[in-house]
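Order of the sequence lines fixes the chain letters, A, B, ..., with proteins taken first and strands second; residue numbering starts at 1 for each chain.
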Protein chains: 2
Amino acid sequence: MSEREARAHVTLDVVARRAGVSLATASRALNGTTRVRDELRERVRAAADLLGYIPNAHAQALASSSSNTVGLICHDVGDPYFAAIADGVMRAAAEQDVLVMLASTFREPAREIEYVSILRAQRARAILLIGSGFQDRTWERALGAELDPYIRAGGRVAVVSRHRSVRADAVLPENRAGATKLARALLALGHRRFAVLSGPPELTTVADRLAGFREGLAEAGITLDPGCVVEGAFTRDGGYAAARELLTRPTRPTCVFGVTDVMAVGALAAFREAGIEVPRDISLAGFDDIPLVRELTPPLTTVALPLTEMGQHAISLALREPHGQRSRVLRVGGEVVLRASTAPPPADSAAGEGT
Amino acid sequence: MSEREARAHVTLDVVARRAGVSLATASRALNGTTRVRDELRERVRAAADLLGYIPNAHAQALASSSSNTVGLICHDVGDPYFAAIADGVMRAAAEQDVLVMLASTFREPAREIEYVSILRAQRARAILLIGSGFQDRTWERALGAELDPYIRAGGRVAVVSRHRSVRADAVLPENRAGATKLARALLALGHRRFAVLSGPPELTTVADRLAGFREGLAEAGITLDPGCVVEGAFTRDGGYAAARELLTRPTRPTCVFGVTDVMAVGALAAFREAGIEVPRDISLAGFDDIPLVRELTPPLTTVALPLTEMGQHAISLALREPHGQRSRVLRVGGEVVLRASTAPPPADSAAGEGT
DNA sequence: ACCTTACCAGAAAGCGCTTTCTGAAAGCGC
DNA sequence: GCGCTTTCAGAAAGCGCTTTCTGGTAAGGT
């Protein structure tokens, strides 16, 4: 009884015999690729039901050399940003009847490459890379070395929120333009002394948002001096730590931009702990518009991104008919959403225009 | 050039020829199942590298009739509760070198059964069912009909946060006991008039938490009258709607229990909109301790569940050696975490002991 | 020196399907 | 009534691996 009596699966062969047809006919009857007499089709279906036939996806994939799985590689499914995008991917996947293999890199670049390789072995129809890439030559090359042969062999790649290092469709947030608009909005409120809670500088997303923000400030003749940019991890705790670090600096800004909502959330907590009230004492803005920032007190001003749609688009792009020659790029989001976390600077800080 | 020139993959056969060994040896050299002379192993490895050989996982699975993928079925990846558990699953999966296929049912019971079937076809080594099941005879039977043959064929099933309808390992939150403890804690603060924002009553999680809460109240001789239990969807908006509904009722409670943190988040928003301050005017508690409730103002009192660990346990249980005879059950969490969303009831509400 | 073990490598038989290729039967014009 | 196309079903050849099974060679015992 404690024997490993894993009984074999019912195979198509058995179904065919039961229905009194050949293997080939049974296959056709079930997939409906070619016409089969209705009566036979029914007989096969009935037999399959009766026997509880479950096709072997591996055999199907092998024989047809095509699968219908796609791989989704993200940095961290637990993060609300990726969770929202993943949700979109799942919705589109359900519609298109593809199965999603999930990979979480835990923010380690090497893992990403490893997963691409694994997904290649799985013969995934498409690979979706979600989240910023790294500004690192050797990493880029290694990733390309995995991706290129994959694409050449007919695989599809779509990236979300990441510069295209390879021939891939892309869904790109308006990082730069969005950050510029945010800067303008913040300037319009009267702010002149800014600080930025920045993420790992090797992430392209960080670089873009920072550049865009600087650009916006520059329009008002303001430059962000290095002391006003604090780096932290791309997480809530990273934002918290960065904000605390910021508070130790000599000059205090009237307005802080967290390059990510998640970081801004951490910053909000840090400010609260320090007895600094947002937005009375300091204004705070983020980027992404993850759902949770609406629940904060105060709700966060941010640059909106249609996260769920981004996921849907990614998979749709990837599965659409071959890209013609070039890959498609879809730019999304980038509108500022003003909420209560930003306000005009406190009256007593009118002095000290930025350098 | 626009031809579909999807070039074939390098097969093991090619690698073997290149290395000057047989197919069988090449296979053994690469997987290391049997001893192969070191020199040959190296030759094969080198050839594989050189040719960019990527094994075909489908062929491997077919030939060895074993795969190393597991299926993860949850109600909604976008929900922080599931996202946190999924994160745990991913961590454990990465350690154990298994690939996760993700399925999101969007809270439709039928989809769950469909996904089980799909994962069966994929010959997943294990299927993880995350989230409450439904109290619905026909659904249960249909799910069992999918799961039973799967298990009999050697598949493993683990459930998280769900009663075991089948022979499955389980990670079960202390829903009932946790809710009872919460009730006690709330009573200890002096509350006597309670309301509950309940989820879909057909979910076993809801039933358990409600029962546990009632039990705790009963210890103080308090019974929850039906007018004090408002049902809503298991989402933020469901909690919001339920809370608004609650506010239209004649008697106002001094303390509200949202059976889910996510619902409590919605409730908090509803209260705020209605000008009701938490916890001054009304106390609010949730259940789950999803990370975001710590960021709220006020942070939410709740019953803690080790969400990430739950996911890790689920996959570990499922992949561990065969269950002997019986399946294992791991009970987790259930401790009350008091935060600022609960306080003694307002002084002017001392009257009206609950019936 | 002879027989037994032990170790490795190759041949070949599948794993469970899809899909081409082949052939039988039926429909049709003249 | 004969050759034509058309429709549908079966035979069989793989898809790319793993894994027995077989055999050859080297090591070990007496």
Side-chain angles (χ1 to χ4, degrees), chain A residues 6-45 47-48 51-69 118 120-125 153-154, chain B residues 6-45 47-48 51-69 118 120-125 153-154:
Chain A
R7 70 167 56 37
H9 288 272
V10 175
T11 65
L12 188 55
D13 173 68
V14 175
V15 173
R17 227 178 338 249
R18 176 79 182 221
V21 300
S22 77
L23 188 58
T25 303
S27 171
R28 286 187 284 243
L30 259 18
N31 312 321
T33 45
T34 320
R35 280 232 60 70
V36 169
R37 217 187 325 147
D38 285 347
E39 180 227 333
L40 285 194
R41 178 184 310 279
E42 271 322 305
R43 245 166 52 206
V44 173
R45 287 231 178 97
L51 297 169
Y53 171 68
I54 298 275
N56 183 322
H58 294 302
Q60 293 187 142
L62 184 59
S64 66
S65 51
S66 76
S67 82
N68 71 164
T69 55
I118 291 175
R120 284 227 275 157
Q122 298 288 335
R123 299 298 187 263
R125 265 228 318 250
Chain B
R7 70 165 60 36
H9 289 273
V10 175
T11 65
L12 187 55
D13 173 69
V14 175
V15 174
R17 225 176 343 247
R18 176 79 183 222
V21 301
S22 76
L23 188 58
T25 303
S27 170
R28 286 188 283 244
L30 258 20
N31 312 320
T33 45
T34 320
R35 282 230 58 72
V36 168
R37 219 189 321 146
D38 283 348
E39 180 227 338
L40 285 194
R41 179 185 309 280
E42 271 322 305
R43 250 176 35 215
V44 174
R45 287 232 178 94
L51 298 169
Y53 170 68
I54 298 273
N56 183 322
H58 295 301
Q60 293 187 142
L62 185 59
S64 66
S65 51
S66 76
S67 82
N68 73 162
T69 56
I118 291 175
R120 283 227 274 158
Q122 299 287 336
R123 299 296 187 263
R125 238 174 51 197

Can you tell me how far the OG1 atom of A/Thr69 sits from the CZ atom of A/Arg125, to the nearest 0.5 Å? 8.5 Å

From the list B/His58, B/Arg123, B/Gln60, side-chain hydrogen bond (donor to acceptor under 3.5 Å, both in side chains) with A/His58 holds only for B/His58

Between A/Leu62 and B/Ala59, what is the shortest heavy-atom contact and its length? CD1-CB, 3.8 Å

Just how far, in rounded Å, is C1' of C/dT19 from CG of A/Leu12? 13 Å

Does B/Ser64 or A/Thr25 map to a spot on DNA chain C nearer the 5' end, using the closest nucleotide for each? B/Ser64

Rounded distance (nearest 0.5 Å) linking atom CG of B/Asp13 with atom OG of B/Ser27: 12.0 Å

To the nearest Å, give me how far apart CG (B/Leu30) and P (C/dA9) are. 14 Å

Pull out every residue in residues 51-60 of chain A that has a heavy atom closer than 4.0 Å to any atom of DNA chain D, ordered by number, or say none. none

Separation of C/dG16 P from B/Arg120 CZ (nearest whole Å): 15 Å

Report yes if the side chains of B/His9 and B/Asn56 come closer than 4.5 Å at any heavy-atom pair, otherwise no. no

Selected nucleotide, minimal atom distance to A/Ser27 side chain, candidates C/dT18, D/dC15, C/dA9: C/dT18

Please give, in whole Å, the distance from D/dG16 P to B/His9 NE2? 9 Å

Length of the CG-P vector between B/Leu23 and C/dA11, whole Å: 10 Å

Report the nucleotide, chosen from D/dT18, C/dC17, D/dA9, that has the shortest atom-to-atom distance to any side-chain atom of A/Ala63. C/dC17

Distances for protein N or O near nucleotides 20-28 of chain C N or O, under 3.5 Å:
| from | atom 1 | to | atom 2 | distance (Å) |
| --- | --- | --- | --- | --- |
| C/dT20 | O4 | A/Arg28 | NH1 | 3.4 |

Where is the tightest heavy-atom contact between A/Gln122 and A/Ser67, given as atom of each residue plus distance? O-OG, 4.3 Å

Nearest 0.5 Å, what's the CZ-CZ distance between B/Arg43 and B/Arg18? 12.0 Å

Using side-chain heavy atoms (C-beta onward) and a distance below 4.5 Å, is A/Asp38 in contact with A/Glu42? no

Taking Watson-Crick (N1-N3 plus N6-O4 or O6-N4) and G-U wobble (N1-O2, O6-N3), each under 3.5 Å, can you produce the dot-bracket string of DNA chain C? Use [ ] for crossing pairs and | for inter-strand ones. ||||||||||||||||||||||||||||||

For atom CG of B/Asn31 and atom P of D/dC17, their distance in whole Å: 10 Å

I need the minimum non-hydrogen distance between B/Leu40 and B/Val21, along with the two atoms involved. CD2-CG1, 3.8 Å

What integer distance in Å separates A/Leu62:CG from C/dC15:P? 14 Å

Ignoring hydrogens, what is the shortest heavy-atom contact between B/Val36 and B/Thr25? Give both atom names and the distance. CG1-CG2, 4.2 Å

Base, sugar-phosphate alone, or nothing: which one does B/Thr11 contact when heavy atoms must sit under 4.0 Å apart? sugar-phosphate

Closest approach of A/Thr11 to A/Tyr53 (non-hydrogen atoms, all atoms of both residues): C-CE1, 3.7 Å

Of C/dT18, D/dG10, D/dT18, the nucleotide closest to the side chain of A/Ser22 is D/dG10

Return the minimal non-hydrogen interatomic distance between B/Ala47 and B/Ala19, and the atom names on each side. CB-CB, 4.0 Å

